2 protein chains.
Amino acid sequence: MSTASDRPAASRRRNAAETTVAIERAAVELVLQHGFDQVTVDMICEAAGVSQRTFFNHFKTKDAALLGPELPTIDERAAREFIVSDGPLLAEAVGLIRVAPEHLPVDPKLFSDRIRAVSAHPALLLRQMERLGAIEGELREIIALRLRRRAADGADAAGSAESPEELEEQAELITHMLAGVMRYVGMRWARLSATGALPPGAAPDAGLAETLDRVIRKLG
Amino acid sequence: MSTASDRPAASRRRNAAETTVAIERAAVELVLQHGFDQVTVDMICEAAGVSQRTFFNHFKTKDAALLGPELPTIDERAAREFIVSDGPLLAEAVGLIRVAPEHLPVDPKLFSDRIRAVSAHPALLLRQMERLGAIEGELREIIALRLRRRAADGADAAGSAESPEELEEQAELITHMLAGVMRYVGMRWARLSATGALPPGAAPDAGLAETLDRVIRKLG
DNA sequence: TCCTATTGTGCAGTAACTGCACTTATGACA
DNA sequence: TGTCATAAGTGCAGTTACTGCACAATAGGA
């Protein structure tokens, strides 16, 4: 297993992107059929017509082949608006987070299949959510900027002047809470997608601002 | 390696708890010395005077040997008070979560060493925090109970009668936010412990209520 | 003293992943 | 058209975490 010497003699060799997609497709399809734990890397390799070594040249881990290369990013323009806004903090912060399509011509079938495969397996879904750990630092800084700005503007009439260190702490706490909110959004989206209660292209955070608003009023 | 045939001929065989602790101690010590990734299970086994098979009889994974058996639990009495309270929701919810010492006579040195070892490695710390996924369901229900009770009491004078489903959703969102808060608490605690800015036995959530209060006022 | 549950071991196997040396197709350029 | 550097892929051998199964040794009560 895992050697690809026996392949349709024709058309060896494709460019890197093609191979990557072929592996992703094989992975997603197999996982949809058998479940994540029942699928081995070797099975994916055979289905994709690729050696195991090649698999690991394209993906760091088995997970990665399933989750795809898309990583969360921050919308720079939105970030600038966010910093000077006085609107609802968490809801606006969620709006900052975008999924950056690394290689844009995304295959829509692969995309939706992947969602089905990933959302079926809670552990995978969680790992997907953990990916935004990559931008947590950035988020924290942007939130800190907003807090500092509001403090400088004296927007908090209470006048309880807070030290920069306190604002840093608050920014960190808010960032972690935001991570929680994102996890909620992701899970809810997966749940609704699975039951078909949601159109395929629907925004993952529809109605979120409203819910957040009500919840926050109950936290005090 | 990983066979324990060559052991101080005397005193084979101890009771399970002893062996477990021996393995934990070896694991923590080695990780403190060399870092998590540099330590193999075989190394731990040799240091603990135990075969690899025995290691995996006592711990499901390498992580588990480091993190120890303590799992988060909910304080039942506190939960009942929580449901009928009108105080700050998140702060009080944090108070529900206790670490249940499975085998009580905890070795204090092992305990503090473990904290140093785990908090040095962010990924481990994260995995530790993930453990409260085990009680997330329970938390969500308790929070839902509180929300329902307040709704029934008409405590939200606004009179915007919310459906049970809406309350469920809100409870879920709050649970995820709470998970974020807990992660913050854990990380902060680890950070302060590491720099020695905190007495060894200090409560992990000192000053949290205050910070939470200020932060929540800024979320609106 | 014998018997049995507890504790521990050896061994063989699977699966994810890595480093290294090597081949082969591709496309650019003389 | 030939040649040549490079991108893409492969084979192989090794490491590490983890599992199932059958078996060995011992503690501790009957």
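Proteins get letters first, then strands, A, B, ... in listed order; numbering begins at 1 in each. Treat the numbers as computed from the prediction; the structure is a model and nothing was measured.
- OP1 or OP2 of C/dT7 has not a single side-chain nitrogen or oxygen of B/His58 nearer than 4.0 Å.
- Here the P atom of nucleotide C/dC17 and the CG atom of A/Asp63 are 7 Å apart, to the nearest Å.
- The side chain of A/Thr19 lies closest to D/dA8 when the candidates are D/dT10, D/dA8, D/dC18.
- Rounding to whole angstrom units, CZ of residue A/Phe36 and C1' of C/dA16 are separated by 10 Å.
- Rounded to a whole Å, the NE2 atom of B/His34 is 14 Å from the P atom of D/dT16.
- In this structure, B/Ile23 places its CD1 atom 13 Å from P of C/dT7, rounding to the nearest Å.
- The line from CG of B/Leu96 to CZ of B/Arg77 is 13.0 Å long, rounded to the nearest 0.5 Å.
- In this structure, A/Asp75 contributes its side chain and A/Ala78 its backbone to a donor-acceptor pair below 3.5 Å.
- Donor-acceptor pairing under 3.5 Å, judged by distance alone, is absent between the side chain of B/Arg14 and the base of C/dG8.
- Rounded to whole angstrom, the span from the CD atom of B/Gln52 across to the C1' atom of C/dT14 amounts to 13 Å.
- Atom NZ in B/Lys60 sits roughly 10 Å away from atom P in D/dC18 (whole-Å rounding).
- Checked against D/dC18, C/dT18, C/dT9, the side chain of A/Phe56 finds its nearest nucleotide in C/dT18.
- Here B/Glu172 pairs with A/Arg191 in a salt bridge; the nearest charged N to carboxylate O distance falls below 4.0 Å.
- Each of A/Val39 and A/Asn57 was matched to the nucleotide of DNA chain C holding its nearest heavy atom; the match closer to the 5' end belongs to A/Val39.
- Ion pairing of B/Glu29 with B/Arg25 is absent here, as no side-chain N (NZ or NE/NH1/NH2) approaches a carboxylate O to less than 4.0 Å.
- Considering only the side chain of A/Lys62, C/dA16 comes nearest among C/dG10, D/dC18, C/dA16.
- The distance between atom CG of B/Leu66 and atom P of D/dA17, rounded to the nearest whole Å, is 12 Å.
- Rounded to an integer number of Å, the gap from CG of A/Asn15 to C1' of C/dG27 is 13 Å.
- Of the two residues near DNA chain C, B/Ala16 and A/Phe55, the one whose nearest nucleotide lies more 5' is B/Ala16.
- Residue-level contact check: B/Thr40 touches the backbone only, with heavy atoms under 4.0 Å from sugar-phosphate atoms and none from bases.
- Within the 4.0 Å cut-off from OP1 or OP2 of C/dG8, not a single side-chain nitrogen or oxygen of B/Thr54 is found.
- In the set D/dG20, C/dC17, D/dG9, D/dG20 carries the atom at the smallest distance from any side-chain atom of B/Arg53.
- Figure legend: B/Lys62 and B/Phe36 shown as a cation-pi pair, the cationic atom lying under 6.0 angstrom from the six-membered ring centre and within 45 degrees of its axis.
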